[in-house]
Protein chains: 2
Amino acid sequence: MTASKVISFEALRVACKNCSLATLCLPMGLTSDDVERLDGIVKRARPLHRGDYVFRNGERFHSLYVVKTGSVKTYAPSPEGGEHVLGFHLPGELIGLDAIEKEVHTCSAKVLETSAICEVPFSRLETLSSTIPSLQHQLYRLLSKEIGHDTELLLLLGKKSAEERLAAFLLSISKRLRKRGLSPTDFYLSMSRYEIGNYLGLAVETVSRLFTRFQDDGLLKVDRKHIELRDPEAMEAVLTRATMSDRQQRVR
Amino acid sequence: MTASKVISFEALRVACKNCSLATLCLPMGLTSDDVERLDGIVKRARPLHRGDYVFRNGERFHSLYVVKTGSVKTYAPSPEGGEHVLGFHLPGELIGLDAIEKEVHTCSAKVLETSAICEVPFSRLETLSSTIPSLQHQLYRLLSKEIGHDTELLLLLGKKSAEERLAAFLLSISKRLRKRGLSPTDFYLSMSRYEIGNYLGLAVETVSRLFTRFQDDGLLKVDRKHIELRDPEAMEAVLTRATMSDRQQRVR
DNA sequence: AGGTTCATTTGACCTGGATCAAGCAACGTC
DNA sequence: GACGTTGCTTGATCCAGGTCAAATGAACCT
């Protein structure tokens with residue numbers, strides 16, 4: 001009886017070492033022994049449903065979170081009721097990194113669809129990381145990666161046209177899905193047009209028109225939230241072809 | 001003789017513990033004993049001059065760098081010869097954090113004026129950080145801070161008007177100078193109008209017109225690179241007053 | 001089946017800021 | 001001390017994408 005209880009508990013409490021995301025997530029590059037130790041501090045919550053918060057703006061920071069299944073958006077609410085969408089997060093991605101400094105969450109995170117989230121208490125992670133150099137290294141890498149990602153986004157928002165932004169967005173989703181073993185050319189977007197526009201610094205109407213144009217040009221087929229990338233090369237070419245973005249000359 | 005040699009060497013080789021930036025920089029929060037240890041791995045190079053590189057896009061990553069005096073700009077060169085300015089860095093600020101992940105510099109850094117730069121070999125810093133928990137913590141904090149900073153910039157580029165962008169830029173400089181004990185209302189900009197525009201996602205002409213407008217409105221006095229903030233409150237108000245930026249409604 | 005609500009699309013129009021095109025001032029350099 | 005060269009400013013025009021308005025369509029009640 002106790003035994004069966006333990007077994008079912010263990011079945012529910014999927015461990016990091018059995019998780020398909022291990023190569024994308026925190027455990028990347030750790031020995032199985034160390035994964036075991038990391039596993040000891042990870043909390044797995046029951047699934048959250050569309051609209052539930054992972055954490056909210058202003059809450060005290062205690063943990064980092066990893067999307068296990070589903071998807072999450074992070075955003076900075078503005079006092080007037082508006083919001084600024086900061087990112088969309090797929091399985092294996094770590095959220096809450098921006099809160100380490102101030103020990104307060106400066107953005108909110110809510111799930112876009114039914115999702116499982118792993119919680120990693122930061123102080124315990126920190127302690128663990130000073131005894132596991134490869135974990136420490138992995139944390140530095142992940143923080144650095146986030147900076148690199150923000151930098152790309154900065155380029156997108158500062159210098160690229162609406163067309164380039166949407167193309168980059170779709171290709172980013174596509175590539176991240178591929179890494180997770182999912183179809184990079186046939187997927188459902190879990191966020192609304194409004195959220196995409198907000199994220200890319202564009203009006204909803206512009207996003208909608210661009211989807212229509214991409215479809216007319218044969219780059220993709222769109223049916224509501226279902227996207228089928230018909231011509232990924234052509235989509236990449238949207239990013240490459242010199243547009244208004246590269247009219248900057250000499251430096252010095 | 002040997003003694004005098006040692007003395008002059010020590011005088012040149014200003015240590016972290018004597019550095020006025022210690023409270024802003026890596027040593028923040030460390031015991032003087034630990035600062036000593038950190039000091040042991042920091043290399044201090046001879047001053048660089050306007051246009052010299054701290055590191056270049058594509059170089060292998062070995063070290064983080066701290067601006068000691070002067071100022072640095074980081075930017076991503078685009079193949080076509082253009083560039084995307086990523087940031088301007090004042091004394092005490094750490095650069096190169098984005099290169100940790102890939103172990104390659106993905107942007108270039110060049111000094112805007114004669115500057116002293118401290119070099120911190122990363123692998124040694126990493127090793128040291130696993131034996132000094134407060135240093136490890138400080139590193140996590142600094143990386144997280146950088147993410148928070150990028151996030152603000154994202155908001156600026158994605159949602160704010162040209163006027164708000166330039167006001168935010170000037171106020172950011174002003175506040176950072178204040179923290180360093182310099183005048184927050186009277187300063188010289190070490191970067192060109194072109195670089196400011198590039199950084200803020202605006203055309204040079206727009207930047208120039210805005211300086212003129214701000215001056216006409218009595219917010220500041222501008223003479224070439226010399227800025228005198230005449231009415232910092234009014235400048236803050238430029239950011240607060242609802243503009244096109246807050247027309248986003250409900251969430252769900 | 002019909003109605004309410006919210007998301008998306010489409011059309012018409014407008015504007016902030018880019019682009020184009022001169023001038024102009026500071027700074028060498030010879 | 002005239003002469004490029006580079007950086008900054010100013011004026012005139014243009015257009016990508018925002019804003020406003022309305023139609024259409026899903027999804028969800030009841």
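In what follows, every heavy atom counts, from backbone to side chain, and hydrogens, waters and symmetry copies are set aside. Chain letters run A, B, ... following the sequence lines, proteins first and then strands; every chain starts at 1.
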Between [options], which one does the side chain of [X] approach most closely?
X        : options                : value
A:Ser208 : D:dG18, C:dT8, D:dC8   : C:dT8
A:Glu205 : C:dA18, D:dG18, D:dC20 : D:dC20
A:Thr212 : C:dG17, C:dT10, D:dC8  : C:dT10
B:Leu202 : C:dT8, C:dA18, D:dG18  : C:dA18

Side chain B:Arg209 and base C:dG16 donor-acceptor under 3.5 Å: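 Result: no qualifying N/O pair found.
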Separation of atom [atom1] in [X] from atom [atom2] in [N], rounded to whole Å:
X        : N      : atom1 : atom2 : value
B:Phe214 : D:dT9  : CZ    : C1'   : 16 Å
B:His226 : D:dC8  : NE2   : P     : 16 Å
A:Lys160 : C:dA18 : NZ    : C1'   : 17 Å
B:Glu195 : D:dG7  : CD    : P     : 9 Å
A:Leu166 : D:dG18 : CG    : P     : 12 Å
B:Tyr194 : D:dC8  : OH    : P     : 12 Å
B:Lys159 : C:dG16 : NZ    : C1'   : 17 Å
A:Leu200 : D:dA16 : CG    : P     : 19 Å

How would you label the contact of [X] with the nucleic acid (heavy atoms, under 4.0 Å): base, sugar-phosphate, or nothing?
X        : value
B:Gly197 : nothing
B:Ala203 : base
A:Ser192 : sugar-phosphate

- prompt: Between the side chains of B:Arg178 and B:Ser174, does any donor sit under 3.5 Å from an acceptor?
  reply: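 Their side chains do not contain a donor-acceptor pair, so the 3.5 Å distance test is not met.
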- prompt: Do A:His105 and A:Asp98 meet the criterion of a side-chain donor-acceptor pair at a distance under 3.5 Å?
  reply: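 No - no donor-acceptor pair under 3.5 Å links their side chains.
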message: Looking at B:Arg180, I'd like to know if its CZ atom is crowded, meaning that more than 12 non-hydrogen atoms belonging to other residues, nucleotides or ligands lie closer than 6.0 Å.
response: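 Atom CZ in B:Arg180 is crowded, with more than 12 foreign heavy atoms closer than 6.0 Å.
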query: Toward the 5' end of DNA chain D, which comes first, A:Val204 or A:Arg224, by nearest nucleotide?
result: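 Looking at the nearest nucleotide for each, A:Val204 comes out on the 5' side.
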- prompt: For the side chain to side chain contact (heavy atoms under 4.5 Å, CB included) test, which of B:Val66, B:Leu90, B:Leu48, B:Val111 pairs with B:Val72?
  reply: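 So the option named by the test is B:Val111.
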- request: Work out which heavy atom in B:Tyr194 is nearest to a heavy atom in B:Val204; give both atom names and the distance.
  value: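 It is N-CG1, 3.9 Å.
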query: Taking only N and O in the side chain of A:Lys225, is any of them less than 4.0 Å away from OP1 or OP2 of C:dT8?
result: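 So the side chain of A:Lys225 is within the cut-off, an N or O lying under 4.0 Å from OP1 or OP2 of C:dT8.
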